[in-house]
Amino acid sequence: AISNLSAFQCNIHLPAGFSIALKEDSTYDVELNRNRVSSTHTISASKKDDGSYLLVCYSNNNEVIKDGSGELFYINIETDRLALAGTHTIQASNILFSTPAGKEIAVADNTLGSIEMYMPADVETDNILNSEDLRRVVTALSQDDYNWERLEKAYKTLVLGEGKVFADP
């Protein structure tokens, strides 16, 4: 259990094809669990040269993190076309906590959790989205009365990511 700690930092390592989402203000979308920290705690993230993300959390008033269990922070993760279906782990390294007096406490590298990635339109289950997948999805859906323009836009938005143009590799 965490006791008498006021700050922490760690490097987050995401699998290939995954990244921390950006908010509208172009900062990374990480949030603190307000049940565990005070209103004076803040968290920020930055991308490092090795592709990992440095998360830093501290309190302007040096208040302690509340004792107990549960998540300290949440990360909004997004994927790109290179993300493969399957189970992927999220790793944390260089984990340091700090007391209000400034004493650092190192924690061993850790697995934070896993991500289940599904490619529902990958009909051929080859981890590649191509015109054959699109043809099969459209054929299956065409048995009902669909708006084709809306269907294509929905496919591009849900499977390929909004604004990306569908093309064979």
Side-chain angles (χ1 to χ4, degrees), residues 1-122 125 127-129 153-165 169:
I2 295 174
S3 183
N4 198 34
L5 302 172
S6 60
F8 68 88
Q9 75 170 42
C10 65
N11 295 338
I12 303 294
H13 305 269
L14 298 176
F18 295 85
S19 59
I20 297 179
L22 289 173
K23 296 188 281 189
E24 287 185 19
D25 64 1
S26 297
T27 59
Y28 288 106
D29 194 357
V30 294
E31 292 181 35
L32 290 167
N33 178 353
R34 290 293 169 192
N35 293 324
R36 298 290 313 280
V37 296
S38 75
S39 62
T40 66
H41 277 93
T42 187
I43 191 168
S44 64
S46 60
K47 193 166 188 177
K48 298 176 60 173
D49 290 340
D50 67 1
S52 67
Y53 297 86
L54 173 63
L55 270 58
V56 176
C57 172
Y58 62 93
S59 166
N60 288 331
N61 296 341
N62 217 15
E63 293 185 42
V64 296
I65 297 169
K66 297 173 186 169
D67 289 345
S69 62
E71 297 82 4
L72 286 175
F73 58 90
Y74 306 101
I75 303 171
N76 185 10
I77 296 174
E78 61 186 13
T79 63
D80 61 27
R81 272 190 86 186
L82 301 177
L84 297 177
T87 302
H88 306 276
T89 58
I90 301 173
Q91 299 289 327
S93 65
N94 190 29
I95 306 167
L96 292 173
F97 284 90
S98 179
T99 67
K103 179 182 176 188
E104 291 184 352
I105 300 167
V107 177
D109 292 356
N110 203 312
T111 298
L112 294 180
S114 62
I115 302 170
E116 284 288 327
M117 178 66 180
Y118 301 96
M119 296 178 75
D122 182 18
T125 63
N127 284 324
I128 298 171
L129 296 175
K153 183 177 180 182
Y155 178 83
K156 287 180 181 178
T157 301
L158 294 173
V159 178
L160 302 178
E162 191 168 32
K164 293 185 180 176
V165 177

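None of the values given here were measured: they were computed from a predicted structure.
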Within the 4.5 Å heavy-atom criterion, are [X] and [Y] side-chain neighbours or not?
{"X": "F8", "Y": "I95", "value": "no"}
{"X": "Y58", "Y": "T42", "value": "yes"}
{"X": "I65", "Y": "H41", "value": "yes"}
{"X": "L22", "Y": "Y28", "value": "yes"}
{"X": "I90", "Y": "I77", "value": "yes"}

For N11, side chain to side chain contact (heavy atoms under 4.5 Å, CB included) partners two or more places apart: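 Only H13, K48, S52, L54, S93, N94 meet the side chain to side chain contact (heavy atoms under 4.5 Å, CB included) criterion with N11.
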Partners meeting side chain to side chain contact (heavy atoms under 4.5 Å, CB included) with D25 (sequence neighbours left out):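 Scan of D25 (side chain to side chain contact (heavy atoms under 4.5 Å, CB included), adjacent residues dropped) gives K23, T27.
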How long is the span from the [atom1] atom in [X] to the [atom2] atom in [Y], to the nearest 0.5 Å?
{"X": "S98", "Y": "I105", "atom1": "OG", "atom2": "CD1", "value": "8.0 Å"}
{"X": "E24", "Y": "D29", "atom1": "CD", "atom2": "CG", "value": "10.5 Å"}
{"X": "S38", "Y": "N62", "atom1": "OG", "atom2": "CG", "value": "10.0 Å"}

So, for [X] and [Y], which heavy atoms are closest and what is the spacing to 0.1 Å?
{"X": "N110", "Y": "Q91", "value": "O-OE1, 3.4 Å"}
{"X": "A92", "Y": "I12", "value": "CB-CD1, 4.3 Å"}
{"X": "I43", "Y": "L55", "value": "CD1-CD2, 4.1 Å"}
{"X": "V64", "Y": "P100", "value": "CG1-CG, 3.6 Å"}
{"X": "R36", "Y": "E71", "value": "CG-O, 3.4 Å"}

Residue pair C57, L32: steps toward the side chain to side chain contact (heavy atoms under 4.5 Å, CB included) verdict: CA-CA 9 Å; C57 172; L32 290 167; 3.7 Å; yes
Derivation of the side chain to side chain donor-acceptor pair (under 3.5 Å) call for N60 and T40: CA-CA 6 Å; N60 288 331; T40 66; over 6 Å; no
Between N4 and T99, a side-chain donor and acceptor under 3.5 Å: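 No, no side-chain donor-acceptor pair sits under 3.5 Å.
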